[in-house]
There are 2 protein chains.
Amino acid sequence: MTKKLNSDPVCAVDYAFQRIGGKYKGRIIWYIHTHTVLRYGELKRSIVGITPKMLTQTLRELEEDGLLIRKVYNEVPPKVEYTLTESAKELIPFIDHLREWGDKRMGNYKINCQ
Amino acid sequence: MTKKLNSDPVCAVDYAFQRIGGKYKGRIIWYIHTHTVLRYGELKRSIVGITPKMLTQTLRELEEDGLLIRKVYNEVPPKVEYTLTESAKELIPFIDHLREWGDKRMGNYKINCQ
DNA sequence: CAGAATCCTTGATGATACTG
DNA sequence: CAGTATCATCAAGGATTCTG
């Protein structure tokens with residue numbers, strides 16, 4: 001799993017985008033929000049096109065940044081659930097706003113975020 | 001100037017992040033907002049660490065995406081001013097909140113976004 | 001002043017196979 | 001099921017120089 005090297009943020013906007021930017025972070029946070037809780041495999045199916053490597057890596061980064069909680073059940077077969085932290089939940093109204101903004105401008109291909 | 005190859009967005013959240021993600025877009029939009037209007041050179045000084053190539057490239061992408069207006073004055077020396085479009089202004093509350101969210105979490109190094 | 005042109009580096013992402 | 005482990009690629013970003 002490749003390590004991510006975020007350079008020191010030069011301001012709060014920079015800081016924030018370093019944490020929720022990237023190809024999949026927005027969608028991951030949003031999808032977990034709409035389902036309240038999601039398992040690894042469910043995320044894998046929701047985030048179209050993501051590889052297991054990128055999913056794991058991105059989930060770990062979000063966890064380290066205090067945006068989501070990873071709950072492991074010691075069962076066979078394995079079960080891991082992901083939920084949002086309070087910190088991440090504070091972003092939801094605004095990601096929602098962003099979603100509507102994007103929706104207005106997508107024009108042709110209207111595929112809904114789940 | 002390298003071209004950016006955004007793959008087709010799979011949903012509105014994806015679409016939005018493709019447009020305002022990237023290393024400098026958030027800061028550029030925010031700085032123009034706080035100053036109402038900025039010239040190329042002023043942006044160059046505000047966006048710490050950016051190279052002229054990246055600044056030009058990013059500004060053009062934002063322009064193509066209908067987020068900012070580039071006004072050229074036919075004078076010598078040259079003068080170019082950048083302002084936000086209405087579409088971009090709709091994003092300001094989002095970026096502002098993101099800024100506060102980031103500010104709360106930055107801890108040690110508190111550098112203000114201009 | 002506001003950039004364009006070139007060349008180059010590397011980090012983000014992808015493909016595939018494997019495992020407790 | 002929920003990941004790891006490798007290896008490969010490629011586009012985002014950087015350094016530098018030049019110009020109308």
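Heavy-atom basis, side chains included; hydrogens, waters and symmetry copies ignored. Nothing here was measured: the structure is a model prediction, and the numbers come from that model. Order of the sequence lines fixes the chain letters, A, B, ..., with proteins taken first and strands second; residue numbering starts at 1 for each chain.
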Partner set under ring pair (Phe, Tyr, Trp, His ring centres under 6.0 Å) for His97(A), not counting sequence neighbours: none
What is the distance, rounded to the nearest whole Å, between atom [atom1] of [X] and atom [atom2] of [N]?
X        : N       : atom1 : atom2 : answer
Asn6(B)  : dG13(D) : CG    : P     : 11 Å
Arg19(B) : dA12(D) : CZ    : P     : 13 Å
Asn74(A) : dA2(D)  : CG    : P     : 13 Å
Glu42(A) : dG3(D)  : CD    : P     : 12 Å

Within the pair [X] and [N], is there a side-chain N or O less than 4.0 Å away from OP1 or OP2?
X        : N       : result
Lys53(B) : dT17(D) : no
Lys23(A) : dG14(C) : yes
Arg70(A) : dG3(D)  : yes
Arg39(B) : dA2(C)  : yes
Tyr82(A) : dG3(D)  : yes
Arg60(B) : dA4(C)  : yes

Do Phe94(A) and Ile32(A) share a hydrophobic cluster (ILVMFWY, side-chain heavy atoms under 4.5 Å, transitive)? yes
With heavy atoms under 4.0 Å as the rule, sort [X] into base, sugar-phosphate or nothing.
X        : value
Lys79(A) : sugar-phosphate
Pro77(B) : sugar-phosphate
Tyr24(B) : sugar-phosphate

Of the candidates dA15(C), dG3(D), dG20(C), the side chain of Pro52(A) sits closest to dG3(D)
Inter- and intrachain pairs under salt bridge (Lys or Arg N to Asp or Glu O under 4.0 Å), touching residues 35-46 of chain A, at least two apart: none
So, for Arg19(A) and Asp65(A), which heavy atoms are closest and what is the spacing to 0.1 Å? CG-OD2, 3.3 Å
Considering all heavy atoms of both residues, which atom of Gly66(B) and which atom of Ser87(B) are nearest to each other, and what is their separation? O-CB, 3.8 Å
